[in-house]
Student: 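Got a structure for you, questions after.
In what follows, every chain begins at residue 1, and chains take the letters A, B, ... in the order their sequences are listed.
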Amino acid sequence: MSPSPRLRFAPSPTGYLHVGSARALLFNWLVARRDGGEMLLRIEDTDVERNRPELIDNIFEMIEWLGLGWDGKPVHQSDRFDLYTAAAEKLLAEGRAYWCDCTPEQVQARARERGGPPGYDGFCRDRDLERGPSTALRFRTPDEGSTGFDDLVRGQVTFENAKLEDFVLLRSNGTPTFLLANIVDDADMGITHVVRGEEHVNGTPKYILIAEALGLGYRPAFAHLPVLVNEQRKKLSKRRDSVSVAGFRDEGYLPEAMVNYLATLGWGPPDGVEIRPLAEIVELFRLSEVTQSPAFFDVRKLQHFNAEYIRALDGEAFVDRARPFFVHGDGTEEVLRPIASLVQERVRLLTEVEPMVDFLRLESIDGAVDEASWEKGVVKLGERAVAMLDAAVVELASCNWNADAIEAALEAAARSAGFVKPDGTVDMRRAQAPVRVAVTGRSVGPPLYESLAVLGRERTLDRLRAARGKL
RNA sequence: GCCCCCAUCGUCCAGUGGCCUAGGACGCCGCCCUUUCAAGGCGGUAACACGGGUUCGAAUCCCGUUGGGGGUGCCA
């Protein structure tokens, strides 16, 4: 039996955690959970210039929000520079690396001059430079042979060493680069599976070459996940696309829905059932079944998942989950409770809950009447709307105040206002419109009778009269 | 430019040589239900990029073309 797998999620704190990273996190987590292994967390903060420490909290917070934990203590690369420096010195001592004093500008200029491919040309390879104030340490890539690996999702991938440029191991400010720190840590942490985004495929031969040069005898299994793309089929970018996990949380998405949706990007369960408990996904998931082509992050499908998850909540949980999104205080919860189940099956996002019951919370609906709804639901009906409004005021003034009684009263009103179908039955479909718009300000919303029951007789009658007065 | 990868409905997944007149999901359209809107039910729209092979047989294997993506940083 093979040793239990150790995976790692290794984000860098240069931006808020985004859905692409979250997907990589999820897949790592799934492999670890499924095979009884561990998933460690490593903060890749080697770039002191771009590093934003305050974002590390966001990463922790979002992983927690998603409900995906990690094992052990998070490893911060900024605490481990000695390790990387020692590795770099070993490579230098063995002639596998050398100092280079070319500035990025010089490298670029020479590339332009040659008219050849961009990238470093090995200018300092044999200059035997000593370490100086502005020297970077570069890895001496082999001139011959090839480096390849067997990717768990893409199969055999091979690169010719001659095509690999001599890349930087230590910056001139002495800090290690991702390439160096990444491999040193994976070896040190005993990582068995490197599961990451496709953007890392090209860096993998460099990773392997460093490991070999270090004589580590270490070689993890690799799995490169297809990238997540936007509608233009470009890799999701934090700048172009609003894809931060925190953003989705704030818009009212449930973490369970987000995680479930993310699992369907680049993978699908054999039985085709997409919406299902995480525990089942853990059982079903196979890295070898991950798709090889980019996946479009479809917010509309995410919304569908979210709506399904919201509807599946039990009543109390629904109110609990919606509460953080009430910006108008306790009043919202008070008016929501009586019709919570009716609202629950009508929202896709938790942020839609409060607006849906706004008309119940407000003292007056004046100024909150939707123009198009008024036109379509009231004005267009002309005299019939007037008749309905008048009849509704009469009937509702004296009936009992509960949903059933209100329904009966409104039916009676509709009948007296002439809303009767050819077969003699009441045409509530049309008759309810003027009442709904007059009372709720909109032509769509929760069921009317229940809403009026919550609103109360006084406010209902006030609003009906007010609407009547405007005609 | 060079390197690497990818290619089934608009989108996400099924499909691993015959079960495919290609299946499911989201979206969209229609009908039903119905006090609006949702939800639910029923039905529909829509794809194997192209060209060559291999094979009795190809969405599935091979080659090429085209298209797309990723990388090409003293970012990760």
Student: Can you figure out which of B/C74, B/G69, B/G24 approaches the side chain of A/P104 most closely?
Tutor: B/C74
Student: Of the nucleotides B/G70, B/G69, B/G24, which one has an atom closest to the side chain of A/R233?
Tutor: B/G69
Student: Closest approach to the side chain of A/H200, judged atom by atom: which nucleotide of B/A76, B/C74, B/U11 is it?
Tutor: B/A76
Student: Identify which nucleotide among B/C26, B/C75, B/C4 has an atom closest to any side-chain atom of A/V157, counting heavy atoms from C-beta outward.
Tutor: B/C4
Student: Which nucleotide, B/C6, B/C74, B/G70, lies nearest any side-chain atom of A/Q292?
Tutor: B/C6
Student: Tell me which nucleotide among B/G73, B/C12, B/C5 gets nearest to the side chain of A/E165.
Tutor: B/G73
Student: Classify the angle between the aromatic ring planes of A/F285 and A/W267 as parallel (below 30°), tilted (30 to 60°) or perpendicular (above 60°).
Tutor: tilted
Student: Taking N and O atoms by type only, does the side chain of A/T264 place a donor or acceptor under 3.5 Å from a partner on the base of B/C13?
Tutor: no
Student: Can you classify the ring geometry of A/F167 versus A/F139 as parallel (below 30°), tilted (30 to 60°) or perpendicular (above 60°)?
Tutor: parallel
Student: Can you tell me which nucleotide in B/A76, B/A14, B/C12 comes closest to the side chain of A/A295?
Tutor: B/C12
Student: How would you summarise protein contacts on nucleotides 31-45 of chain B per nucleotide, using B for base, S for sugar-phosphate only and - for none, with heavy-atom distances below 4.0 Å?
Tutor: ---BBBBBS------
Student: May I have the distance from A/F296 (atom CZ) to B/G69 (atom P), rounded to whole angstrom?
Tutor: 14 Å
Student: Residues of residues 136-153 of chain A with any non-hydrogen atom less than 4.0 angstrom from an atom of RNA chain B: list those, numerically ordered, please.
Tutor: A/A136, A/R138
Student: Quick check on contacts: within residues 47-59 of chain A, what sits under 4.0 Å from RNA chain B by heavy-atom distance?
Tutor: A/D47, A/R50
